[in-house]
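Heads up: the structure comes next, in C-alpha cells.
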Amino acid sequence: MIISTDENMVLTDKGVKGIIAIVAIICLLIGIGIGWYVKPSPPPPKPTLIVIGPYSGDEMKAFTPVLKAAEEELGIEIEYRIYRAEELSTILPSHFAAGMAPGDVILFCHPVTIRKLAAEGHLIDLSEVIDRSKYPKAILDAVSVNGRVYGAPWVANLKPGLWYRKSFFAKHGLKEPKNWREFIDLLNKMREVIGRDDVIASPDSEGWPLSDIAEHFILYSAGLEAFENLKTGKTRFTDPEIKSALKDTLIWLIENGYFSEPEDWTTIMEKWWNGEYGLYFMGDWVLTMVKDPEDLDLIILTTFDDSASKAITACFPDFIIVPKYTKHPELAVKLAAFLASAKAQLVRVKEGGCVATHKDVPPDAYPASTKRLAERVKGLEIVFDLDDTVGGEFQTAFWDQLKRLWVEPEAYEEVLAKIEEKQPRP
Amino acid sequence: MKSKACLFFLLPVLILIIVFVVYPILGTIGLSFLSPEGKFVGFQNYVNVLTSDETINLKRFPFKHPPWGTLIHNAVWITIHLPLSLVLGLFFAVVLKGVKGSSVIKSLIFLGMVTPMVVGGWLVRFMFDKNLGIVNLFLRLAGLTYLADKTWTMWPQLALLATILGAVWMWTGFSMVIYSAALATIPKEYYEAADIDGASTFQKFFYITLPLLKPATIVIVVMSILEELKIFDLVFVATMGGPGSASNVLALQMYLKAFKYFEANEAAAIAVILALLTIFPALYVVKSMVGKQ
C-alpha cells in the first residue's frame with residue numbers, strides 16, 4: 001500500500017508499523033513515568049523501639065501481649081531483648097558512661113542502681129508522664145531523686161510463703177499447720193510420706209531464692225520492726241535477737257536436715273511438682289510456671305498464731321526507665337507511660353503470676369489462682385524485700401553467705417558476721 | 001635519615017600502643033591511688049585490699065576450710081592445678097607417643113583446651129553435681145558416698161577444689177600438645193645408645209626424656225601460672241566465687257568490686273597487684289624467647 005505519491009516521501013507498510021511501534025513505546029514510557037510520578041508515596045516505616053526486660057520462657061509469653069498492645073496503641077514496632085537484671089547492673093553504667101543506650105525502654109528491678117544512674121543524669125525524668133497518685137508512694141520513693149521520679153512502676157510480685165500441691169496434701173491426709181509446732185509435725189509426716197529427710201526444696205540461683213526464704217523467716221521469727229531496721233542497719237545481723245530468732249527457726253531446720261541442698265530453682269521446682277519434695281518457697285510467678293496453678297496452695301509462716309509479725313515480702317516491681325541516650329526520646333517516654341498505665345498492667349495481670357502496681361486495675365482482672373492468693377494474703381502487711389532495698393555489696397554478700405549457711409549451718413555465727421560487715425550503717 | 005624512616009613506620013603502632021595500652025595502664029595505676037571522691041590517698045587502696053579477709057584470710061588458712069582469701073585461693077590454684085595438668089599432659093604425651101591412632105585420642109584430650117572457659121564453667125557444675133555428675137558417679141562406684149552425695153560447687157569445703165580439678169581437665173590438652181611436640185624433637189640415637197648401654201625404660205625416661213623436655217616444661221609452667229593467676233570466667237560461671245567466697249579468686253574479686261559494687265579505686269588496686277604478680281612469669285618468657293633469638 002502506498003501512503004504518498006511523492007517518491008521521496010513514500011512510506012511502506014513496514015515503515016508505518018515501525019512508527020506506530022515507536023509511538024506506542026514512547027507513550028508507554030511516558031505513562032509509566034506519569035504513573036511513577038503521581039503514585040501515592042508509601043507510608044513511612046513505623047519506628048522500631050528496643051525494649052529490654054528480664055522475662056523469658058513463660059514470663060515472656062505473659063509479657064508479649066502487653067508489647068502487642070503497645071504497638072497497636074502507639075503505632076510503633078517493638079523489638080524485645082532479654083537481659084537479666086544482673087547483666088544490666090554491669091551493662092548500663094558502662095553504656096551510659098559512653099553516652100549510649102542498649103535499649104530505648106528498659107525494665108530493671110534494682111532501685112538503688114536506678115537512683116544512682118538518675119543522680120548521674122543518665123535517665124529521663126518521668127514525673128510528669130505518670131500519675132503519681134495511682135501508685136504506692138513507697139514504690140515511687142524507691143526510684144526518686146530530689147522528688148523527681150525516674151522509674152515508672154511495672155507489675156510486682158509477692159513472695160508469700162511455702163507452696164504445696166493440694167492434691168499431694170489430700171492424697172496423704174496432710175493438713176496446713178497453724179503454728180510452729182504443727183509445722184514441724186507436718187514436716188515429720190512428710191518425711192514418712194516422701195521417704196527422705198530434706199522435704200523442703202531449696203531453690204538456688206545467684207542466691208536470691210535463699211534470701212527470699214531467709215527474709216520470710218526473719219519476718220516470722222524476729223518481726224516487722226527488726227526486719228525494717230535491718231534495712232537501715234539500725235538492727236544488725238549479729239544482734240542477739242536476730243541471731244536467736246534465726247537459730248531457733250531457719251537454722252534449726254537446716255541443721256536438722258529439713259531443707260535440701262540448694263539446686264537450680266527451675267530444676268528443683270520440677271522435682272517438687274513431681275512429689276520428690278513437699279514444700280517449695282518461691283514468688284507468685286510460680287503460678288505461671290506450673291502445669292496446674294489451681295492445684296497450688298500456701299503455708300505462710302507469718303499467718304501462724306505464734307508469728308512475730310503479720311507481713312510478707314514483695315519484690316520491688318520492675319521499673320520502666322528511659323535512658324537519655326535513646327534515639328526516640330518522645331516515643332520511648334510515651335511507651336514507658338503506656339507500660340505503667342492501668343491498661344497495660346491489666347493485660348499483664350490477666351496472664352497471672354503478678355499483681356498490678358496501678359491502683360485502677362480492678363480485682364476481677366486477675367485469674368482465679370491469683371485471686372485465691374490475694375485472699376490468702378489479705379490482712380498481711382506487704383513490705384519490700386531486704387536485699388533489693390539495700391542492694392550493692394550487701395546483696396551479693398547476703399546471697400553468697402546464705403549459700404554457705406545452707407550447707408554449713410554450724411558456721412552461722414561467722415555467716416551472720418560476714419553479712420553484718422556489709423550491712424549499711426545508720 | 002634511616003632512624004627517621006624507622007620512626008615514621010613505627011608511628012602508627014606506637015600511637016595504637018599509647019592509646020590502647022599505655023594510657024589505660026597509667027589510668028588504672030592512677031585510679032588505684034585515688035579515693036572515690038578523686039583525692040590522692042597514697043597506698044590506702046592497696047592496704048585496704050591486702051588487709052581484707054576477702055584477699056588474705058589468715059584466721060582460716062590453713063587449718064580451716066575455705067574461704068582463705070582470693071590471693072591464697074590463686075596460690076592454691078597454682079599449687080594443685082599446675083603439677084596435675086603438667087604431669088597428666090606429660091603422661092599422655094609419653095604414653096601416646098608413636099601409638100597408632102593416637103592423634104584421635106590427643107584431639108579428644110585437646111578438646112578441653114579449645115572449649116570456651118564459660119562452657120567449662122557450666123561443665124564443672126555438671127561434672128560435680130550429686131545427681132548428674134560423672135565425678136560423683138565414679139566416687140559413688142568407689143564407695144566414697146560422703147563425697148558423691150554432695151554437689152561440690154555448693155559446699156565451701158569442695159567448691160575451690162571442684163573449679164581447680166575442672167580446669168585441670170581443660171588445661172591438660174595444652175601441656176600434652178607442647179610435650180608431644182617436644183618429644184618429637186628428641187633424636188632416636190640417644191635412646192639407641194642407651195639401649196646398647198643396657199638402660200631400663202625408667203632410666204631412659206629420667207636421664208634422657210625429662211632433661212630434654214626442660215624447655216617445654218618451662219613454657220608450660222610459665223603459661224600455666226599466668227592462666228592460674230588470671231583465672232576468671234570458669235569460676236564466674238561455676239560458683240560465682242561462692243559459697244561464702246570459698247572459691248573466689250583475684251580476677252573475680254576485681255570484677256565484683258569494679259562492676260557490681262562500683263568501687264573502681266580498690267578494683268584498680270587489685271588490677272595492679274594482679275599485673276605485678278603476672279609480670280614476672282611473663283617477663284621470664286619474653287626474656288627467654290628474646291635470648292634464644
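The model shown is predicted, which means the values in this text are computed figures rather than measured ones. Only this structure's heavy atoms are used, side chains among them; waters, hydrogens and symmetry mates stay out.
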When you look at B/Lys260 and A/Thr396, which way does the side-chain contact (heavy atoms from CB on, under 4.5 Å) test go after all the steps?
CA-CA 9 Å; B/Lys260 198 110 187 182; A/Thr396 313; 3.8 Å; yes
Between [X] and chain A, with a heavy-atom cut-off of 4.5 Å, which part of the residue counts as in contact: side chain, backbone, both or neither?
X        : value
B/Asp129 : neither
B/Asp149 : backbone
B/Tyr261 : side chain

I want to check something: taking the side chain as every heavy atom from C-beta on, are A/Val407 and B/Lys150 in contact at a cut-off of under 4.5 Å?
no
Quick one, A/Lys271 and B/Asn131 - any side-chain contact, counting heavy atoms below 4.5 Å?
yes
With a 4.0 Å cut-off on N to O distance, would you call A/Lys418 and B/Asp53 a salt bridge?
yes
Short N-O contact, A/Lys422 and B/Glu54, less than 4.0 angstrom:
yes
More than 12 foreign heavy atoms under 6.0 Å from [atom1] of [X]: is that the case here?
X        : atom1 : answer
A/Asn146 : CG    : no
B/Phe40  : CZ    : yes
B/Leu14  : CG    : yes
B/Met113 : CE    : yes
B/Tyr46  : OH    : yes
A/Trp252 : CH2   : yes
B/Phe232 : CZ    : yes

Could you give me the CA-CA distance, side-chain angles and deciding distance for B/Arg60 and A/Glu414, then say whether salt bridge (charged side-chain N to carboxylate O under 4.0 Å, His left out) is met?
CA-CA 11 Å; B/Arg60 297 192 63 86; A/Glu414 200 178 334; 2.6 Å; yes
Side chain from CB out, backbone as N, CA, C, O: work out which of these in A/Pro262 comes under 4.5 Å of a heavy atom of chain B, or both, or neither.
both
Rounded to the nearest 0.5 Å, how far apart are [atom1] of [X] and [atom2] of [Y]?
X        : Y        : atom1 : atom2 : result
A/Ser260 : B/Lys130 : OG    : NZ    : 6.5 Å
B/Thr153 : A/Asp204 : OG1   : CG    : 8.5 Å
B/Met154 : A/Trp406 : CE    : CH2   : 12.0 Å

Between A/Ser89 and B/Phe262, which heavy-atom pair has the shortest distance, and what is it?
O-CZ, 3.7 Å
Considering all heavy atoms of both residues, which atom of B/Pro156 and which atom of A/Glu408 are nearest to each other, and what is their separation?
CG-OE1, 3.3 Å
Report yes or no: do B/Trp155 and A/Glu261 form a side-chain donor-acceptor pair below 3.5 Å?
yes
Chain B interface, residue from A/Arg404, A/Glu421, A/Glu393 that has the most non-hydrogen pairs under 4.5 Å
A/Glu393
